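Just below is one structure, and these are the notes that go with it.
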Amino acid sequence: MRHYIYLLILVMSQTVMGQMFDPPPLNPDPMLAGTPVMESATAAVPSRPENTGGVLPPMQRFKKPLVAREKTRVAVLGYHNFSETKPVTEMLLRTSELRSQMEAIRNSPYSVISMQEFLEWRFGTRLLPEECILITLDDGWKSVYTDAYPIFKEYGYPFHLFLYTDYLHGKGESMNHDMIREMLQNGASIGSHSHTHPYPSDWNKHRALGEDAYYEFIDKEIGESKVKLDKLFGTVNTYCYPGGFNDQEMLSRLPSYGYVAAFTVIPGKATSTEIPFQIHRYMVFGTDPSIFNNAMDFSVAEVGSAISTGSQPGTLPKNTAKPPFAVTPQPDSTVSCTIPAITAQLSSVPGINMSTVRMRVSSFGHVRPTINTAERTVTWTPPCRIYMPNISVHLTWETTDGAKGHAEWSFSIDRSVTAE
């Protein structure tokens, strides 16, 4: 089951959450002198190490002119483990495939930015080109040092390591401290990925022990991991949720530890209004190359992989044709259920080949619906509560004579209801 199936993302109102959680403005990074920075910085944040090694200066990396802050979108890439010989898995990508992807970025019009540049842009002290890429790597696998690091260094790309502190012992497949320190001198920066990398079942087990026990667990996993990384490598200020799992208790606690941003595993382009503690990322799995392709596609508006051609994320233009078959929830309806079953009855489509049916759902991207070939029905139920106010559904298929078809519709979620 995919790594991000267990996620529980709290996507709330961007305006409200932005007011609640926006940290103070960031100071510009002195290592990036020559790149226009907006004048409003007041709070100190750590800069990158003085020795930037083979990383190109920002004006050489930026392929396009700087634009107004609200026009920039950033595709945040997330990687894990690498090998050229071990079996490919969701978490393990071929080293040669990583090189091919970095080459694709070099041949693209997009600029690779550092985490420092990303944060300064997000909090209003820097301008960037219209389309940018940010590279992140989770956990602390040794292959990041042996396989990925030489490639990033060769291409001159900065990269950000999300490390969980219980995995930094240098034994087995984990990196040791010296490897990390070397990379810090050559384009890397660091964020926390918790202490022991707990999954949803671990969080829920501690929540069941009561509020005090749960906050104590949060303090250990999220707070103490930062303290340890600070001592080992210098101040860190970013966090990445293991498995994407986050809740209100974590969100309320993050600023007190000194974090200014946290990243999820929900795909979608980051914008200037991105909730700072729920930033989208494209997790690049070894078994699904389409994820990288989606990240590199800036031609559509996305919020959490919400393919949206309407005026708001998850909506469609008013003149969008209704599906020529029965669907639920009905087009343009408002539903009170926050985990609604999405269905389509395709028996009226002549000659449809049910094995070719594909479904995309805004905020979730490509999903794997249950397909009943005999009854010609497609059904998919979200794995968690939907917090986006608008949801669009996109179906594609082929018929036995090779013709292609598609249908799409959108509906709204009544956000006043409580979780089931």
Side-chain angles (χ1 to χ4, degrees), residues 4 7 9-15 17-18 20-23 25-26 38 45 58 61-62 64 66-79 105 108-138 157-162 189 191 193 237-241 244 246 251 254 259-284 291-308 312-314 362-365 387-388:
Y4 56 72
L7 57 86
I9 300 296
L10 304 177
V11 183
M12 301 177 179
S13 166
Q14 291 183 343
T15 301
M17 292 293 285
M20 290 176 61
F21 294 120
D22 265 15
L26 307 183
M38 300 167 67
V45 296
R61 287 191 282 109
F62 292 173
K64 287 186 175 182
L66 307 183
V67 298
R69 182 168 164 265
E70 65 274 11
K71 293 184 178 180
T72 295
R73 288 182 296 157
V74 181
V76 185
L77 305 179
Y79 294 95
I105 293 175
S108 76
Y110 313 140
S111 301
V112 178
I113 61 173
S114 68
M115 179 62 76
Q116 181 78 19
E117 292 167 321
F118 175 86
L119 294 176
E120 290 170 358
W121 160 75
R122 171 56 186 82
F123 297 117
T125 63
R126 176 179 296 280
L127 298 180
L128 292 172
E130 188 171 4
E131 297 144 337
C132 296
I133 304 289
L134 174 62
I135 300 171
T136 68
L137 305 101
D138 292 2
Y157 291 161
F159 55 101
H160 194 69
L161 306 173
F162 283 118
S189 54
H193 195 35
N237 61 356
T238 58
Y239 182 75
C240 170
Y241 304 104
N246 66 88
L251 291 170
L254 280 163
Y259 294 110
V260 300
F263 292 73
T264 71
V265 296
I266 290 287
K269 305 299 187 295
T271 68
S272 61
T273 57
E274 185 84 280
I275 298 171
F277 291 129
Q278 293 176 322
I279 297 172
H280 296 95
R281 280 196 307 166
Y282 291 88
M283 302 310 297
V284 184
I291 299 173
F292 176 77
N293 296 334
N294 292 342
M296 293 287 284
D297 184 2
F298 285 82
S299 63
V300 294
E302 293 179 292
V303 172
S305 81
I307 307 300
S308 174
Q312 298 294 328
S362 60
S363 294
F364 296 92
Y387 288 88
M388 294 291 288

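On a predicted model such as this, the values are computed, not experimentally measured, just so you know. Counting begins at 1 with the first residue of the sequence.
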Closest non-hydrogen atom pair between [X] and [Y], with its separation:
X: Met296; Y: Ser108; result: CE-CB, 3.8 Å
X: Met115; Y: Phe162; result: CE-CZ, 4.1 Å
X: Ala270; Y: Trp121; result: O-CH2, 3.7 Å

Within-4.5 Å side-chain heavy-atom neighbours: [X] and [Y]:
X: Ser189; Y: Gln116; value: no
X: Leu251; Y: Gln278; value: yes
X: Val265; Y: Tyr241; value: no
X: Leu77; Y: Ile105; value: yes
X: Val260; Y: Arg122; value: no
X: Val67; Y: Pro129; value: no
X: Asn294; Y: Pro267; value: no
X: Leu119; Y: Asn237; value: yes

Checking the side chain of [X] only, and the main-chain atoms of [Y] only, is there a donor and an acceptor separated by less than 3.5 Å?
X: Tyr282; Y: Ala75; value: no
X: His160; Y: Thr136; value: no
X: Arg73; Y: Thr271; value: no
X: Glu274; Y: His280; value: yes
X: Thr72; Y: Leu128; value: yes
X: Arg126; Y: Phe118; value: no

Look up atom [atom1] in [X] and atom [atom2] in [Y], then write down how far apart they are to the nearest 0.5 Å.
X: Ile135; Y: Ile113; atom1: CD1; atom2: CD1; value: 10.0 Å
X: Leu137; Y: Cys240; atom1: CG; atom2: SG; value: 10.5 Å
X: Lys71; Y: Leu127; atom1: NZ; atom2: CG; value: 11.5 Å
X: Ser114; Y: Tyr157; atom1: OG; atom2: OH; value: 14.0 Å
X: Phe62; Y: Glu117; atom1: CZ; atom2: CD; value: 4.0 Å
X: Phe277; Y: Thr238; atom1: CZ; atom2: OG1; value: 10.5 Å

>> Run the salt bridge (Lys or Arg N to Asp or Glu O under 4.0 Å) test on Lys64 and Glu130 for me, step by step, so that the C-alpha distance in whole Å, both residues' side-chain angles and the decisive distance to 0.1 Å come before the verdict.
In response: CA-CA 8 Å; Lys64 287 186 175 182; Glu130 188 171 4; 5.4 Å; no
